[in-house]
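Everything on this sheet refers to the single structure shown next.
Everything numeric here is computed off the predicted structure, so don't read it as measured data.
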Amino acid sequence: WGGGLKTAKEVQRSIADEWLSIAAGTKRQVQSRTVKVNGMDVLRWSIEEEKQAEVTQKKASDAEAHRVEAKAAGKFRHQRWCILCHGVDGTDQSGTCQDGAPEIEYAEPELKCVRCPTTMHVDCTPGWSVVQVRQDGSRKQAIGGWVCPHHRCRTCWRTAHEAGGLLFRCVGCPSSLCEECLPEGFEPVPSQRYFGHLKYAMPRSFETIRCDNCAALAAKREWRGGGQGG
């Protein structure tokens, strides 16, 4: 047969070996399914799923809060007076403002919050709220829906959701404060007194107060009025 000839089995084996060597060079590397966390092996998918679940939960929570607020927005009435200067609509001469502060006959507040009864004059918003405004004749109007400063902490700028689920909302000024930023000297007040007549049910994410500054001003008015103030 001669020294250079191979048997059929030897030929088949060499072909198989060559195919295996080619396949081994192109084989995908299997990605590790685990990662090290505090020295322990943890399934990679479990960490990724946990992160995704947190994102999904936050989106669902925010969407539900907006849905509830949007539903309520079609039912409540807005305050007649600007929450900062307490100026009222000059066409409405009934009563006094609910916080007991003296009302000033003034132009009707142009801004009405889409989430609650708060109103403000455009000229009162600097330092409190960023508003895009267009001029409609002699009247200024906000572009798009306006959300008042009560929906973020005045100090850290967090929403109720971001601050642990609760903001303390002042009835006498545009301030809201989270529990961490709330100073001493505030005064709890019943929300029904200020918002019941407006058919506004205060969300569980708010507690109504007079902030330390407004509480001090209310005490001065009461003292000057001989104990008859608000």
Side-chain angles (χ1 to χ4, degrees), residues 65 68-69 72-73 76-89 95-104 106 108-131 142 146-230:
V68 171
E69 290 175 343
F76 64 77
R77 301 198 309 261
H78 282 90
Q79 293 168 326
R80 298 184 300 109
W81 43 277
C82 172
I83 190 62
L84 184 64
C85 73
H86 290 208
V88 299
D89 179 2
T96 59
C97 90
Q98 291 295 310
D99 194 39
E103 288 184 339
I104 305 167
Y106 200 72
E108 178 185 1
E110 302 94 341
L111 301 177
K112 293 178 172 61
C113 182
V114 297
R115 297 184 183 179
C116 73
T118 298
T119 64
M120 286 186 81
H121 296 113
V122 171
D123 292 340
C124 290
T125 58
W128 290 97
S129 177
V130 177
V131 185
W146 176 68
V147 178
C148 76
H150 277 142
H151 298 276
R152 286 185 179 273
C153 174
R154 170 68 171 155
T155 302
C156 68
W157 203 239
R158 291 182 296 177
T159 63
H161 179 76
E162 295 166 340
L166 184 65
L167 288 178
F168 294 84
R169 169 191 180 122
C170 183
V171 296
C173 75
S175 292
S176 276
L177 294 156
C178 68
E179 187 173 4
E180 294 180 11
C181 299
L182 187 65
E184 295 182 359
F186 72 92
E187 176 189 351
V189 295
S191 63
Q192 183 65 20
R193 174 186 172 189
Y194 295 88
F195 299 101
H197 67 293
L198 300 173
K199 298 182 179 180
Y200 178 70
M202 187 64 63
R204 288 180 294 177
S205 55
F206 285 105
E207 290 289 345
T208 49
I209 64 168
R210 285 195 185 103
C211 68
D212 53 336
N213 290 330
C214 290
L217 289 174
K220 288 181 180 179
R221 285 196 299 269
E222 184 174 355
W223 179 78
R224 289 172 181 171
Q228 302 299 315

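Side-chain contact between P109 and L111 is absent, with no heavy-atom pair separated by less than 4.5 Å. Considering only heavy atoms from C-beta on, C148 comes within 4.5 Å of C116 through its side chain. Between C113 and H150 there is no side-chain heavy-atom pair separated by less than 4.5 Å. In this structure, Y200 and R77 have side chains that are not in contact, with every pair of non-hydrogen atoms separated by 4.5 Å or more. No side-chain heavy atom of R154 sits less than 4.5 Å from a side-chain heavy atom of C211. With a 4.5 Å cut-off on side-chain heavy atoms, V171 and R210 count as touching.
Among residues at least two apart or in separate chains, side-chain hydrogen bond (donor to acceptor under 3.5 Å, both in side chains) pairs with a member in residues 174-183 are R158-E180.
Of the residues T118, I209, L177, the one that meets the side-chain contact (heavy atoms from CB on, under 4.5 Å) test with R169 is T118.
Side-chain atoms of T119 come within 3.5 Å of backbone N or O of W81 as a donor-acceptor pair. A donor-acceptor pair is defined here as one N or O able to donate and one able to accept, closer than 3.5 Å; such a pair exists between the side chain of H86 and the backbone of G172.
For G185 against A215, the heavy-atom pair with the smallest separation is O-CB, 3.6 Å. Between E184 and D212 the shortest heavy-atom distance is O-CB, 3.5 Å. Between L198 and Q79 the shortest heavy-atom distance is CD1-CG, 3.5 Å.
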(request) Apply the test side-chain contact (heavy atoms from CB on, under 4.5 Å) to residues L167 and C178: give CA-CA distance (whole Å), side-chain angles for both, the deciding distance (0.1 Å), then the verdict. (result) CA-CA 5 Å; L167 288 178; C178 68; 3.9 Å; yes
(message) Working note: Y194 + T208, criterion side-chain contact (heavy atoms from CB on, under 4.5 Å); need CA distance, chi angles, decisive distance, verdict.
(response) CA-CA 9 Å; Y194 295 88; T208 49; 5.7 Å; no
(request) Dump the intermediate steps for side-chain contact (heavy atoms from CB on, under 4.5 Å) on E162 and W157, then the final yes or no. (result) CA-CA 9 Å; E162 295 166 340; W157 203 239; over 6 Å; no
(request) Please test H121 against L84 for side-chain contact (heavy atoms from CB on, under 4.5 Å), starting from the C-alpha separation and ending with a verdict. (result) CA-CA 8 Å; H121 296 113; L84 184 64; over 6 Å; no
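Here the NE2-CD distance, from H197 to Q192, works out to 10.0 Å after rounding to the nearest 0.5 Å.
Aromatic ring orientation, F186 versus F168: tilted (interplanar angle from 30° to 60°).
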